[in-house]
Amino acid sequence: MQTPSHHVSASANLALLTGARRVVIKVGSTLLVDEQDGRLKANWLASLVDDVQALVRRGQCPLVVTSGAIAIGRRRLGLPAGRLKLRQSQAAAAVGQIELTAVYAEVLARAGLTAAQILLTLDDTEQRGRYLNARDTLETLLAQGAVPIINENDTVATAEIRYGDNDRLAARVAQLASAECLVLLSDVDALYDADPRRSKDARPIAVVTRITPELEQVAGSTQSAYGTGGMVTKLAAARIATAAGCSMVIASGRVTHPIAALEAGARCTWFPASASAVSVRKQWIASHLQLSGAYQVDAGAARALVAGKSLLPAGALRLDGSFERGDAVAVLDPQGREIGRGLSAYASAEAARLLGRHTSEIEAILGYRGREVLIHRDDLVLATCQDAADDS
Ligand code: GLU
């Protein structure tokens, strides 16, 4: 019997989530904040954190982009219902953000996880210098196993200089973190071919491979009372994410354990990435402007790297420079020619002690069980890639 094709594609799409190294989860205000009393929905958040913990256990790195600061703060300050003036939302965010982060930190701590608050302004992703700075901080936090809890810095964001919606912010964060999957959780469970509130015949779209003008038209603007983003900002987010090699999925956050529900086959809309995440990540590694150091390797290791292997301590002859774990470094052959670039799994101080040593000795040398490699092959780009491809 043949498996129906939509089942095949459904499981292939799920692999975009389960196989992702880094997953950005965007949480809309409506999910987190009770519309009646402005309270945080603690049970729902606890269930989301269960899902986050499951990702961590599977070896994945979750990042959360969360809305809710303004929705919480406006109640605390007794601001009127309806649309707020910019300075009112700025004030509301100042109050609400404290509670928002505190609750995340508490619930994550109960799951044994460390929350890290990051408040971004538009400039942090649009200006190259600040983009790199923000990226370094993110990399450091992720390397240390913290779970970033990210929102726009609404208190200082002005009308002209703000994302304004967390859908696009989340897509920029996915790009910043070289994430492979972005999950948009909100009160809508999918993209429909017509407005489901107006048309009974509206059907959900399972997979979008190209965002056409027609689709954008259908998306219209389905604003909910709390959130800022409608389908238009979700499509804009999909454009940003997929172009950066990150697949995106729109799924319902109205259920508890929303990620588990998604994995169990809940309705959703997938936007598979246009380029492979690895290649985009490798492009990013290759396009590093500043290398922090270099490993010089022996001839055997150089051959192994070309054959697609990771760089082991045993094959490294010497290192140059002073770098931290995760920094980009050059890989030099015995003649000192650059044969590739990669992200070092060790800081230079530790790596220096491992040069030429066998992987089985790492624990005895460092006093803890570190990584088995100096540079993992997923974090390595060979300068000869292009030549090799041309030869074949
Ligand atoms: N950053 C806003 C907040 O935390 C929400 C923006 C959005 O709803 O997309 O309140």
Side-chain angles (χ1 to χ4, degrees), residues 24-35 37-41 44-45 48 63-105 115-126 134 148-174 176 182-188 219 221-241 248 250-254 258:
V24 176
I25 302 166
K26 183 259 173 177
V27 176
S29 295
T30 29
L31 306 176
L32 211 51
V33 185
D34 191 288
E35 289 196 46
D37 58 13
R39 271 181 216 281
L40 246 152
K41 298 181 190 167
W44 185 85
L45 184 59
L48 177 75
L63 298 90
V64 179
V65 172
T66 185
S67 307
I70 297 171
I72 296 168
R74 66 185 297 162
R75 287 301 196 301
R76 298 285 175 276
L77 289 176
L79 291 168
R83 214 179 155 74
L84 295 177
K85 296 202 172 71
L86 175 65
R87 59 193 154 79
Q88 289 175 316
S89 0
Q90 290 178 317
V95 172
Q97 185 64 38
I98 299 177
E99 186 171 332
L100 188 62
T101 318
V103 175
Y104 269 99
Q117 173 181 257
I118 303 182
L119 298 179
L120 293 172
T121 58
L122 192 64
D123 278 348
D124 292 322
T125 53
E126 306 312 283
I149 303 298
I150 303 160
N151 196 359
E152 178 159 18
N153 194 348
D154 293 307
T155 297
V156 296
T158 61
E160 300 79 37
I161 326 168
R162 70 196 303 244
Y163 303 94
D165 66 89
N166 278 8
D167 294 325
R168 290 177 312 150
L169 169 64
R172 290 298 258 157
V173 166
L176 193 65
L182 165 62
V183 184
L184 294 187
L185 296 176
S186 73
D187 52 1
V188 289
S221 69
T222 51
Q223 301 252 338
S224 73
Y226 263 60
T228 314
M231 270 304 163
V232 171
T233 57
K234 289 184 175 49
L235 288 189
R239 276 188 194 283
I240 298 168
M248 189 184 103
I250 295 175
S252 173
R254 284 192 151 177

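Indexing begins at 1, ligand by ligand and atom by atom, following the structure's order.
Around atom 3 (C) of ligand 1, the closest heavy atom drawn from A157, S89, G68, G73 belongs to G68.
A donor-acceptor pair under 3.5 Å links the side-chain atoms of N151 to the main chain of T66, judged by distance alone. When atom types are taken as modelled, the side chain of T155 and the backbone of A94 share a donor-acceptor pair closer than 3.5 angstrom.
By the side-chain contact (heavy atoms from CB on, under 4.5 Å) test, A116 is found to be paired with L141, A146, residues two or more places apart in sequence or in another chain being considered.
Those atoms of ligand 1 with a heavy atom of I70 less than 4.0 angstrom away are 3 (C), 10 (O). Residue-ligand proximity, D154 to ligand 1, at heavy-atom distances under 4.0 Å covers atoms 1 (N), 2 (C), 3 (C), 4 (O).
Of the N or O atoms in D165, none lie within a sub-3.5 Å distance of an N or O in ligand 1. Checked against a 3.5 angstrom limit, the closest N/O atoms of N151 and ligand 1 fall inside it. The shortest N/O to N/O separation between A69 and ligand 1 falls below 3.5 Å.
Heavy atoms only, all atoms of each residue included: A69 and L100 are closest at N-CD2, 3.7 Å.
Using a 4.0 Å cut-off between a side-chain N of Lys or Arg and a carboxylate O of Asp or Glu, R39 and D34 do not qualify as a salt bridge.
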